[in-house]
Amino acid sequence: MHIGVMGGTFDPIHLGHLRAAEEIYWAFELDKIIFVPAARPPHKEDEFEASAQHRYEMVSLATVYTPYFSVSPIELSRPGRSYSVETLREFRKLYGDESTIYFIMGVDAFLDIAAWKEARELLSLAQVIVTARPGWRLDEVERSMTPEQRHLLGDPRFKYMRVSEITRESVTAHREPGLVLSVEVVSLDISSSEIRQLVKEGRSIRYLVTDTVAAYISKNRLYQPGQKAHRPTEAST
Ligand code: ATP
Ligand code: MG
């Protein structure tokens with residue numbers, strides 16, 4: 001099996017996440033992509049944030065019509081802090097060594113990865129795919145890392161690919177541990193923080209999120225003034 005794993009806060013999930021996942025799914029001929037909402041990381045201190053349960057529900061609603069997208073509660077149900085490396089270890093156990101796991105992340109998230117728990121180990125558990133995001137130069141990812149960051153990651157090699165150029169042969173040829181694939185997908189200039197801000201100001205978020213997610217936000221009055229969400233006591237990364 002070829003499985004994509006996409007982690008994030010998804011507060012809320014938006015079309016930027018979904019389009020990046022869709023393109024990677026087809027280009028790499030994956031069997032499925034699992035979205036993994038994280039518990040609240042300590043650096044996210046936005047007052048208008050949604051609880052883990054709401055974020056999980058929204059990912060479910062956003063992916064309900066796509067048979068090859070699913071959502072895992074693995075990081076929400078695990079007690080204590082949750083780390084991507086532990087999630088990948090669990091998926092590795094679940095799917096076995098014969099499966100290929102691709103860990104999909106935007107370039108902004110990848111530039112922080114050296115600070116994540118057991119980053120080097122993470123790169124050996126899954127093949128990392130870094131996707132484009134407006135505001136960041138994907139072709140400069142390698143150059144923007146400091147020697148120390150590269151060392152922490154075990155001096156990975158980088159391969160830049162355009163989604164349109166990916167073939168079955170190139171996917172197989174580049175399936176090797178420690179190789180980071182930078183993939184130029186159509187990147188939509190959408191962020192969850194911008195969506196939270198729009199809702200707070202009472203403005204439209206239509207065509208930035210799926211209709212199901214927009215309806216859920218409105219029904220549950222998320223991100224609106226006076227709706228301070230429950231925040232779990234345990235933090236995560
Ligand atoms: P926030 O503004 O709250 O940080 P976000 O839009 O960055 O939210 P996250 O949940 O932080 O969303 O991101 C989850 C993952 O999706 C990260 O790897 C991030 O780089 C990626 N991502 C987020 N937005 C986009 C986008 N518009 N296009 C491609 N990838 C994205
Ligand atoms: Mg983000």
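In listed order, ligands and their atoms are each counted from 1.
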For Glu201, look at atom CD and say whether over 12 heavy atoms of other residues, nucleotides or ligands are found less than 6.0 Å away.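 More than 12 within 6.0 Å, yes.
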Below 4.0 angstrom from a heavy atom of [X], which ligand 1 atoms are there? Numbered from 1 as shown, please.
X	value
Met105	18 (O)
Gly8	10 (O), 14 (C)
Phe10	10 (O)
Met6	16 (O)
Arg196	3 (O)

Distance-only side-chain donor-acceptor flag, Tyr160 / Glu184, under 3.5 Å: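 Tyr160 vs Glu184: donor-acceptor pair found between side chains.
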Does ligand 1 come near enough to [X] that some N or O of the ligand is less than 3.5 Å from an N or O of the residue?
X	answer
Ile104	no
Arg133	yes
Asp11	no
Ser193	yes

Can Arg19 be said to touch ligand 1, with heavy atoms closer than 4.0 Å?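 So Arg19 does not count as touching ligand 1.
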Mind checking whether Ala38 has a heavy atom under 4.0 Å from ligand 1? no
Once you measure the plane-to-plane angle for Phe91 and Tyr95, does it fall in the parallel (<30°), tilted (30-60°) or perpendicular (>60°) bin? tilted
If you compare Gly7, Gly106, Gly135 by their heavy atoms, the one closest to atom 15 (C) of ligand 1 turns out to be Gly7
So, is the end of the Lys200 side chain (NZ or CZ) under 6.0 Å from the ring centre of Tyr223 and within 45° of the ring's axis? no
